[in-house]
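Note that these values count all heavy atoms, side chains included, but never hydrogens, waters or copies made by symmetry.
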Amino acid sequence: MKLGQTKPTEGSTTKEWRRGRGHGSGNGKTSGRGHKGQRSRSGSGGKIGFEGGQMPLYRRLPKRGFNCRNTKEIVAINVSLLNVFEDGAIVDIAALKQKGLVSNPRDGVKILGNGDLNKKLTVQVNHFSASAVEKINAAGGKTEVV
């Protein structure tokens, strides 16, 4: 069977209603709109969400949360994870991705000071916590903000 050969199931589709084709069609004269009233007039589509003057659903429901347009999504990594690198290595975002410590750097990478660092590393990322800078410097390494 091919997609071009498929047909709707029996009875699921009906013929289109041709309105305004005389009394014999059962849909002549007012074309199923009835007499008078807002919905009988032309252009009575109304705007989306209008409920006849009743408070519309989108205004009845409470607002939830807040999305700040200026926030940045920063990926955090602890100092203890940097022990994966060799002594004297330069650790930048590309190196972190290669080792699998960061999959998507998003708006930046920040090194946090949780854990201990045993290697002398030059770390080049966007942000550092104060304790992370202390631990990297204590191990004999350098911190550079990119």
Side-chain angles (χ1 to χ4, degrees), residues 1-21 26-27 30-146:
M1 179 182 270
K2 296 177 183 165
L3 277 176
Q5 297 172 341
T6 58
K7 291 181 179 174
T9 53
E10 198 65 44
S12 67
T13 57
T14 54
K15 231 177 152 186
E16 188 183 338
W17 238 21
R18 294 190 71 212
R19 296 191 156 151
R21 293 295 182 274
N27 232 332
T30 56
S31 302
R33 290 173 177 255
H35 299 276
K36 300 187 189 174
Q38 186 177 16
R39 316 257 348 245
S40 73
R41 317 288 187 197
S42 67
S44 68
K47 61 183 179 185
I48 295 167
F50 183 68
E51 297 184 20
Q54 173 176 303
M55 189 63 68
L57 183 68
Y58 70 89
R59 288 187 62 194
R60 287 196 302 259
L61 295 175
K63 288 197 280 183
R64 283 282 286 147
F66 174 76
N67 291 323
C68 182
R69 288 179 276 149
N70 301 322
T71 55
K72 289 192 171 143
E73 205 171 335
I74 293 176
V75 179
I77 293 177
N78 287 314
V79 166
S80 58
L81 294 174
L82 299 179
N83 286 316
V84 174
F85 293 96
E86 298 84 42
D87 212 20
I90 295 174
V91 179
D92 57 352
I93 294 171
L96 291 168
K97 278 177 90 172
Q98 189 178 7
K99 290 281 186 182
L101 298 175
V102 172
S103 58
N104 181 4
R106 298 197 169 96
D107 295 321
V109 176
K110 182 172 185 172
I111 306 294
L112 302 177
N114 194 9
D116 294 315
L117 183 64
N118 309 326
K119 311 227 171 136
K120 181 181 176 182
L121 302 171
T122 304
V123 186
Q124 302 170 337
V125 293
N126 308 95
H127 307 280
F128 294 93
S129 70
S131 59
V133 172
E134 276 178 33
K135 289 183 181 181
I136 293 168
N137 291 339
K142 285 187 208 167
T143 58
E144 296 176 18
V145 177
V146 179

Distance, nearest 0.5 Å, that separates OG of S129 from NZ of K110:
6.0 Å
Ring of F85, cation from K119 - is the NZ or CZ under 6.0 Å from the centre and inside 45° of the axis?
no
Any donor-acceptor pair under 3.5 Å from R33 side chain to R39 backbone:
yes
Distance col, row E134:CD vs L117:CG, nearest 0.5 angstrom, shows 13.0 Å
If you measure from CG on N126 to CD on E144, what distance do you get to the nearest 0.5 Å?
13.0 Å
Separation of R19 CZ from T30 OG1 (nearest 0.5 Å)
10.0 Å
Could you check whether atom NZ of K99 has more than 12 heavy atoms from other residues, nucleotides or ligands sitting under 6.0 Å from it?
yes
Compare every heavy atom of Q124 with every heavy atom of I90, then report the nearest pair and how far apart it is.
CG2-OE1, 3.7 Å
Steps toward side-chain contact (heavy atoms from CB on, under 4.5 Å) verdict (I93, V146)
CA-CA 10 Å; I93 294 171; V146 179; over 6 Å; no
Mark yes or no for whether K97, through its side chain, and P105, through its backbone, hold a donor-acceptor pair below 3.5 Å.
no
Minimum heavy-atom separation for T6 and M1, please, with both atom names.
CG2-SD, 4.0 Å
Take atom CD1 of I48 as the centre, draw a 6.0 Å sphere, and report whether it contains more than 12 heavy atoms from other residues, nucleotides or ligands.
no
Under the side-chain contact (heavy atoms from CB on, under 4.5 Å) rule, what do I111 and L82 come out as? Steps first, then yes or no, please.
CA-CA 9 Å; I111 306 294; L82 299 179; 4.2 Å; yes
Do you know the tightest heavy-atom contact between V79 and K135?
CG1-CB, 4.5 Å
So for atom CD, which belongs to Q54, do other residues, nucleotides or ligands contribute more than 12 heavy atoms lying within a distance under 6.0 Å?
yes
Start with the C-alpha gap between L121 and I136, add the side-chain angles, then the distance that decides, and say whether side-chain contact (heavy atoms from CB on, under 4.5 Å) holds.
CA-CA 7 Å; L121 302 171; I136 293 168; 5.6 Å; no
N27 vs R18, side-chain contact (heavy atoms from CB on, under 4.5 Å): CA-CA, chis, key distance, verdict
CA-CA 8 Å; N27 232 332; R18 294 190 71 212; over 6 Å; no
Under 3.5 Å, side chain of N83 to main-chain N/O of D116, donor-acceptor pair present?
yes
On a heavy-atom basis, the closest approach of S80 and G115 is CB-CA, 3.8 Å
Distance, nearest 0.5 Å, that separates NZ of K7 from CD of Q5:
9.5 Å
For I74 and V109 the tightest heavy-atom approach is CG2-C, 4.2 Å
Does R60 have more than 12 heavy atoms from other residues, nucleotides or ligands lying within 6.0 Å of its CZ?
yes
Taking all atoms of both residues into account, what is the closest heavy-atom pair of G49 and P56, and its distance?
O-CB, 3.3 Å
